[in-house]
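Encoded as structure tokens, the structure appears first; notes follow it.
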Amino acid sequence: MARITASLYTSHVPAIGAAIDLDKTHEPYWRKVFDGYEFSKQWMKDHKPDVIFLVFNDHATAFSLDMIPTFAIGTAAEFMPADEGWGPRPVPKVIGHPKLAAHIAQSVIQQDFDLTIVNKMDVDHGLTVPLSLMCGQPEAWPCPVIPFAVNVVQYPVPSGARCFALGQAIRKAIESYDEPLNVQIWGTGGMSHQLQGPRAGLINKEWDNAFLDRLVADPVGLSKVPHIEYVREAGSEGIELVMWLIARGAMSDIAGGPNPKVAHRFFHVPASNTAVGHLILENG
Amino acid sequence: MSLEKPYLDVPGTTIFDADQSRRGYWLNQFCMSLMKADNRARFKANERAYLDEWAMTEEQKQAILARDLNRCIALGGNIYFLAKIGATDGRSFQQMAGSMTGMTEEEYRDMMVGGGRSVEGNRYVGEDGDAQAHRQPQGAAGRNAAAAGGKDV
């Protein structure tokens with residue numbers, strides 16, 4: 001049977017993608033960001049999964065106001081990097097895993113989460129920047145990826161508690177798949193940032209670090225934090241952090257297994273407008 | 001029964017909820033159209049004519065022509081959609097975000113490198129943080145307004 005071996009969490013700031021694509025990673029400003037991922041790139045080589053289940057949000061790219069799915073699972077064979085107005089990022093196309101994705105969709109919907117199934121979708125920086133941070137600039141991504149898009153653009157977005165419960169359903173779905181696949185689940189976005197209005201540029205290091213502490217040690221309590229606290233403390237776009245709770249909910253300890261091991265933790269301010277947070281948890 | 005909106009007392013912040021989305025529907029869909037190169041070219045060639053193809057209010061069109069992002073957001077725009085205008089103009093997210101504060105690009109970048117804007121005084125309307133209404137605009141625009149006698153400092 002398939003199993004989730006690790007969960008990984010990272011910000012997905014578009015400027016990080018631009019720094020990689022434009023070969024600016026050695027500039028001092030960016031060095032401070034990329035140094036925090038040196039460990040992670042090696043870890044990724046040492047712990048290569050068969051499939052990555054990648055939770056991200058679309059930034060008015062594949063989904064305009066035409067359709068706003070709260071939870072959307074990508075079941076296609078491949079997904080192209082999107083043109084977000086600057087031309088597509090020069091990164092490999094994303095190969096999907098239609099068979100596992102379809103299995104997860106059926107299982108999770110039967111567990112009462114009404115997912116939207118997406119068979120055609122371009123993927124934006126929310127998905128490709130985490131892959132770049134973890135894998136560098138390969139000719140092809142190291143394994144298939146199942147994109148899982150969460151609406152965090154138009155309120156109300158799903159609650160932390162709902163995301164956490166969804167993660168538990170995803171774990172059950174993956175563990176009921178017959179092939180012995182090694183699956184990682186990634187939660188992306190955040191940390192504190194606000195991109196709009198006179199409060200633009202808000203950063204809250206204390207809150208972010210408490211979030212990281214609690215994500216490791218008190219995920220159940222953290223999942224009960226209401227939206228308004230994210231907005232007030234971590235900025236209007238800091239709400240993206242609810243997506244991390246999907247990945248955390250999928251870890252074994254939530255279902256009575258051993259506590260996860262913290263393989264890596266990193267925090268830095270700023271990347272463009274945003275606090276960068278990153279965590280790798282291995283299942284015990 | 002009215003909807004629960006606990007986020008209306010956060011200073012300098014507009015939450016893009018279903019009501020804002022309805023208000024800004026055409027404004028945001030116009031922004032989406034700029035993801036196609038042909039549309040960007042037509043918009044650049046004659047902004048007013050291109051805007052007149054969309055069922056926006058005159059106020060929304062004027063806010064776009066002025067690149068007044070705070071006004072665009074008040075009228076239902078969302079920053080991820082408005083970013084398409086920025087991309088058309090060749091401006092980064094940081095330049096766009098900074099433009100909403102009154103700070104120069106350099107002032108805003110320095111604030112971010114210095115650790116960003118503090119949340120202290122900026123959690124609730126009525127406190128005294130730098131994002132509060134009575135302290136706008138910030139940075140150079142604020143100093144200019146004060147010098148012109150337009151702002152009480």
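Naming convention: chains lettered A, B, ... in sequence-line order (proteins, then strands); numbering from 1 in each chain.
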Only one of B:Met103, B:Gln138, B:Arg135 passes side chain to side chain contact (heavy atoms under 4.5 Å, CB included) with A:Pro198; say which it is. B:Gln138
Answer key: most heavy-atom pairs under 4.5 Å with chain A among B:Met96, B:Met112, B:Arg40 is B:Met112
Please find the pair of heavy atoms, one from A:Ser236 and one from B:Ile15, that lie closest to each other, and give the distance. CB-CD1, 4.1 Å
May I ask you to test the A:Ser64-B:Gln29 pair for a side-chain heavy-atom distance under 4.5 Å? yes
Is A:Pro14 in contact with chain B via its backbone, its side chain, both, or neither, using a 4.5 Å heavy-atom distance? side chain
Using salt bridge (Lys or Arg N to Asp or Glu O under 4.0 Å), reason through B:Asp9 and A:Arg232 one step at a time and then give a plain yes or no. CA-CA 9 Å; B:Asp9 65 348; A:Arg232 219 182 281 292; 3.0 Å; yes
Check: B:Arg117 side chain, A:Ala200 main-chain N or O, donor-acceptor pair, under 3.5 Å: yes
State whether the number of non-hydrogen atoms from other residues, nucleotides or ligands found under 6.0 Å of B:Glu58 atom CD is greater than 12. yes
Please give me the minimum heavy-atom distance between A:Ile228 and B:Tyr7, naming the atom from each residue. CD1-CA, 3.6 Å
Main-chain N/O of B:Gly115 paired with A:Lys205 side-chain donor or acceptor, under 3.5 Å: no
Pairwise distance CZ(B:Arg123) to CG(A:Leu202) - rounded to 0.5 angstrom: 9.0 Å
Should the heavy atoms of other residues, nucleotides or ligands under 6.0 Å from NZ of B:Lys36 be counted, would the total exceed 12? no
State, yes or no, whether a side-chain contact exists between B:Lys84 and A:Thr61 at a heavy-atom distance under 4.5 Å. yes
With a 4.5 Å cut-off on side-chain heavy atoms, are A:Tyr155 and B:Gln20 touching? no
So for atom CG, which belongs to B:Asp128, do other residues, nucleotides or ligands contribute more than 12 heavy atoms lying within a distance under 6.0 Å? yes
Is the shortest heavy-atom distance from the side chain of A:Leu195 to the side chain of B:Tyr80 under 4.5 Å? yes
Got a second to check how far A:Phe63's CZ is from B:Met32's CE, nearest 0.5 Å? 10.5 Å
Walk me through whether A:Tyr29 and B:Val113 qualify under side-chain contact (heavy atoms from CB on, under 4.5 Å). CA-CA 9 Å; A:Tyr29 179 97; B:Val113 170; 3.8 Å; yes
Over 12 non-hydrogen atoms of neighbours within 6.0 angstrom of CD in B:Glu106: no
Between B:Tyr108 and A:Asn273, does any side-chain donor sit less than 3.5 Å from a side-chain acceptor? yes
Find the distance between CD1 (B:Ile79) and NE2 (A:His59) and round it off to the nearest 0.5 Å. 11.5 Å
Just verifying a value: how many Å separate B:Ser118 OG and A:Ile203 CD1, rounded to the nearest 0.5 Å? 11.0 Å
Are B:Asn78 and A:Gln154 close enough, and set up right, to give a side-chain contact (heavy atoms from CB on, under 4.5 Å), and what steps lead you there? CA-CA 9 Å; B:Asn78 170 272; A:Gln154 178 172 320; over 6 Å; no
Counting heavy-atom pairs under 4.5 Å with chain B, the top scorer among A:Asp66, A:Val157, A:Asp83 is A:Asp66
Can you list the steps and then say if A:Glu206 with B:Val119 is a side-chain contact (heavy atoms from CB on, under 4.5 Å)? CA-CA 10 Å; A:Glu206 291 74 23; B:Val119 72; over 6 Å; no
Kindly check if the number of other-residue, nucleotide or ligand heavy atoms within 6.0 Å of CG (B:Asn46) is above 12? yes
Give, for atom CZ of A:Arg199 and atom CG of B:Asn122, the distance between the pair rounded to the nearest 0.5 Å. 6.5 Å
In terms of heavy-atom pairs under 4.5 Å with chain A, the winner among B:Thr101, B:Val10, B:Thr13 is B:Thr13
On a heavy-atom basis, which atom in B:Met100 and which in A:Gln196 lie closest, and how many Å separate them? CE-CA, 3.7 Å
Region of B:Leu34 in contact with chain A, defined by heavy-atom distances below 4.5 Å: neither
